[in-house]
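Report on the structure given below.
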Amino acid sequence: MPKQSKKTENTEAKKKPTKKTAKKPPVKTEKTAENGEKKKRGTPSQYANKVLPYLADIERYARCGVTEGDICGVLGVGKTQWAQYKKDNPELTETLLRARESQKGDLLNNAYRVAMGYYYEETHTTTVIVDGKPQTKTYTDRKYAKPDANMIQFLLINRYSGEFARDPQAIELRKKALELAKDGKIPPDGWEGV
C-alpha cells in the first residue's frame, strides 16, 4: 500500500460538507388567561397545593416558635420559593404576622405570671400493696412558685425604661442623639457608643 500524504487526508475532510440542521425558532404565541391577562411563563406555582391548605397549621407552628426555615422543611418548600410565596400572597404574610403577635402576647403574659408568682398542680402516682395486691394511688399537690426577682427586674427595665433604667443618664444621652440625628446634625465622634 502506498503511503498517502497528509495533504490528501486534509483535502478529503474538506470535501465532505457537514450537514447542519437548522432549527426553527419556537413560535411564540401569547397565552392569555380567562380574564384576558397574560399567563406567566414557567411551571405553575405549587402554593395552592403545598401552602394554602395548611395556613392554620403554619399559624400554629409559628405561634409555638417554629422558625420559617423549619416550616419550609415540613411543607417541602425551598426558602427562596417561600420568600416568593410571602411576597405574592398577602394571606400567608398576614398569617405569619398574626402568629408572631400572638406569640409575643403569650410570652409577655407568661413573663408577668413568673414575675408575680403563681400556683400550679403536680400529680403523683404511687403503687401501694393492699392485702397482697398492688393498687395505684394518684394524688395532686397544689404548689406555689415564688415571684422571680430577675424577671421582675427584666420587665421593669425593658417595659418602663424611663423610670427603672439602670443608667438614666445614658438614656437621656441617647434621646439627645436621636433628636440631633432627626434634625440632620451629626453628633460628635464621642457619641458613637450611646
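Each residue takes its place number in the sequence, starting with 1.
For residues 49-62, the pairs satisfying salt bridge (charged side-chain N to carboxylate O under 4.0 Å, His left out) are Asp57-Arg60, Glu59-Arg98, with sequence neighbours left out. Sorted by first then second residue, the salt bridge (charged side-chain N to carboxylate O under 4.0 Å, His left out) pairs that include residues 149-161, not counting sequence neighbours, number zero. Among residue pairs with one or both ends in residues 114-139, those qualifying as salt bridge (charged side-chain N to carboxylate O under 4.0 Å, His left out) are Glu122-Lys143; sequence neighbours excluded.
Residues Pro134 and Gly132 share a closest heavy-atom pair of CD-O, 4.1 Å.
Remark: Lys146 engages no residue in a side chain to side chain donor-acceptor pair (under 3.5 Å) (not counting sequence neighbours). Shown here are the side chain to side chain donor-acceptor pair (under 3.5 Å) partners of Thr138, two or more places apart in sequence or in another chain: there are none. For Tyr144, the ring-ring contact (aromatic ring centres under 6.0 Å, His included) criterion is met by Tyr119, not counting sequence neighbours. Checked against side chain to side chain donor-acceptor pair (under 3.5 Å), Ser102 has the following partners two or more places apart in sequence or in another chain: Arg63. By the ring-ring contact (aromatic ring centres under 6.0 Å, His included) test, Phe164 is found to be paired with no residue, residues two or more places apart in sequence or in another chain being considered.
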Considering only distance and modelled atom types, tabulate donor-acceptor pairs under 3.5 Å from the side chains of residues 148-157, sequence neighbours left out.
from	atom 1	to	atom 2	distance (Å)
Asp148	OD1	Asn150	N	3.3

Side-chain donor-acceptor pairs of residues 71-85 under 3.5 Å, sequence neighbours excluded:
from	atom 1	to	atom 2	distance (Å)
Trp82	NE1	Glu68	OE1	2.8
Gln84	NE2	Asp88	OD1	3.1
Gln84	NE2	Asp88	OD2	2.9
Tyr85	OH	Gln46	N	3.4
Tyr85	OH	Tyr47	N	3.4

Would you mind writing out the side-chain donor-acceptor pairs for residues 107-118 within the sub-3.5 Å range, not counting sequence neighbours?
from	atom 1	to	atom 2	distance (Å)
Asn109	ND2	Gly105	O	3.3
Asn110	ND2	Asp106	O	3.4

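Rounding to the nearest 0.5 angstrom, the gap separating the CD atom in Glu94 from the CG atom in Leu55 is 10.5 Å. With rounding to the nearest 0.5 Å, the separation of OH in Tyr139 from OG1 in Thr123 is 10.5 Å.
The 12-atom threshold is exceeded at OH of Tyr120, counting heavy atoms of other residues, nucleotides or ligands nearer than 6.0 Å.
Comment: Lys182 does not engage Glu179 in a salt bridge, judged by the lack of any side-chain N to carboxylate O separation of less than 4.0 angstrom.
In this structure, the side chains of Leu52 and Glu91 come closer than 4.5 Å at one or more pairs of heavy atoms.
Not one N or O on the side chain of Thr127 forms a donor-acceptor pair closer than 3.5 Å with the backbone of Gln135.
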